[in-house]
Amino acid sequence: MRLTLLGTGGAAQVPVYNCACPACRAAQLDPRRRRRACSALVECGDQRWLLDSGLPDLCERFAPGSFNGILQTHYHADHAQGLLQLRWGVGLRIPVHGPDDPDGLADLYKHPGILDFSEPFAAFEQRMLGTLRVTALPLVHSKPTFGYLLEGNGRRIAYLTDTVGLPDSTRELLQDTVLDVLVLDCSTPPRDAPPRNHNDLTRALQSIDDLQPAQAVLTHIGHELDAWFMQASRELPGNVCLAYDGMAL
C-alpha cells in the first residue's frame, strides 16, 4: 500500500495571499515549500483512490480511468472544490464515498454529472475496495467529517483530517489498532485557547501519544506553523514529522 500526499496545506494554503511572514516568503521563492489543498492518493493492488478532491486541477492531473473513485472526508470547499469541474466529464461514473451531509458543497448533489454520491459511508462502516479495506472514522469538525483507516498488504494507515482532537469512539478503535502510519491534522502552533476546528501542535501530539503509531505525519499545515518552526530551533518527537506536498508513505 502506498499513500502519496498530494497537498498538505490548510484552507488558505501556503503561501497565503498577500502575506509576508517567513513561511510565505520562503514558499514564494521555493516551490518545494508550497502547500496545496490537503489531499492524498492511496494505491493498493489494482485500486487507486483519491482522499479528498480540493485540488482544482484534478482533470489535468488524472487521466480518465486512472483512479477508481474518491474517499471524501467532508464537503468544505478546500476539500471538495475539484469536484465542481470533474462532474462535467462524459462517459464515466466516478463513485464518491463520504459522510452523509445533506448540504454537500454548492449544487453538486443537484447536478452531480458523472459523480455518484449514492453510497455514503456510515460511521465505522467498513468496505472492501479490492484488497484495500477502508473504515470510516468520525472526526470533530464543523461539518460531518470522516477520517479513514486504510488497511492493505499488511499495513495500516490512519488518515485523519480535518479534526480537533478525536471522538472517544474513534480514539478507542485506533488504540486497539497497530498503526504503521498516522497522518493527522495539525494546523497551528501551540495555543492557550482551545482551537475550534483544527488541531494545534499540542493537541496533535496528545493524539499521537494516545494512539502510539510507528510513524506520525502532521498535515493540513498553516503558514503560522511553518513560520513557528522557522523562527527558532524546535524539535518534534522522533517518530513525528511535518508533511510536505508529494510525500510518499
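Note: hydrogens, waters and symmetry copies are ignored here, and every other heavy atom, side chains too, is used.
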Taking [Y]'s backbone N and O only, do any of them form a donor-acceptor pair with [X]'s side chain (distance below 3.5 Å, no angle check)?
X	Y	value
Y109	D101	yes
N239	A216	no
T135	Q126	no
T202	P190	no
N68	R48	yes
R87	H111	yes
R34	A27	yes
Q81	G54	yes
R234	W228	yes

Quick check: closest heavy atoms across [X] and [Y], and the distance to 0.1 Å?
X	Y	value
N197	H141	O-ND1, 3.1 Å
Y159	T73	CE2-CG2, 4.4 Å
C241	Q215	SG-NE2, 4.4 Å
A122	F146	C-CZ, 3.9 Å
P144	P99	O-CG, 3.3 Å
D100	P102	O-CD, 3.7 Å

side-chain contact (heavy atoms from CB on, under 4.5 Å), that's the test. Do F121 and R127 meet it? Break it down for me. CA-CA 9 Å; F121 271 106; R127 293 183 185 174; 3.4 Å; yes

**Prompt:** L3 and R155: side-chain contact (heavy atoms from CB on, under 4.5 Å), yes or no, with the steps?
**Reply:** CA-CA 11 Å; L3 184 73; R155 304 281 288 175; over 6 Å; no

Are any non-hydrogen side-chain atoms of [X] and [Y] less than 4.5 angstrom apart?
X	Y	answer
P213	I208	yes
L150	L51	yes
L166	V140	no
L236	F229	yes
S39	L50	no
V96	L108	no
L41	F62	yes
R191	E224	yes

Criterion side-chain contact (heavy atoms from CB on, under 4.5 Å) on D180 and M1, from CA distance to verdict: CA-CA 11 Å; D180 296 290; M1 180 168 57; over 6 Å; no

In Å, rounded to the nearest 0.5 Å, how long is the span from [atom1] of [X] to [atom2] of [Y]?
X	Y	atom1	atom2	value
I70	D116	CD1	CG	11.0 Å
L86	L55	CG	CG	11.5 Å
H223	M230	NE2	CE	12.5 Å
L6	D52	CG	CG	10.0 Å
L149	L179	CG	CG	6.5 Å
L160	L211	CG	CG	7.5 Å

Taking atom CZ as the centre, does R33 end up with more than 12 heavy-atom neighbours from other residues, nucleotides or ligands that are less than 6.0 angstrom away?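 Not more than 12 within 6.0 Å, no.
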
- Are more than 12 heavy atoms from other residues, nucleotides or ligands located less than 6.0 Å from atom CD of E235? no

Same cluster for [X] and [Y] if Ile/Leu/Val/Met/Phe/Trp/Tyr side chains link at under 4.5 Å?
X	Y	result
M128	I157	no
L58	L71	no
L92	W88	no
I221	L249	no
Y148	V181	yes

Taking distance alone, no hydrogens or angles, what donor-acceptor pairs closer than 3.5 Å link side-chain atoms of residues 7-24 to residues at least two apart or in another chain?
{"from": "T8", "atom 1": "OG1", "to": "R35", "atom 2": "NH1", "distance (Å)": "2.8"}
{"from": "T8", "atom 1": "OG1", "to": "D245", "atom 2": "OD1", "distance (Å)": "2.6"}
{"from": "Q13", "atom 1": "OE1", "to": "A37", "atom 2": "N", "distance (Å)": "3.3"}

Show, in sequence, the C-alpha distance, side-chain angles and deciding distance for H74 and S142, and conclude whether the side-chain contact (heavy atoms from CB on, under 4.5 Å) test is met.
CA-CA 10 Å; H74 66 298; S142 58; over 6 Å; no

Modelled atom types, side-chain donor and acceptor of H220 and D162, under 3.5 Å
yes

Could you check whether Q72 and S53, counting side-chain N and O atoms only, form a donor-acceptor pair closer than 3.5 Å? yes

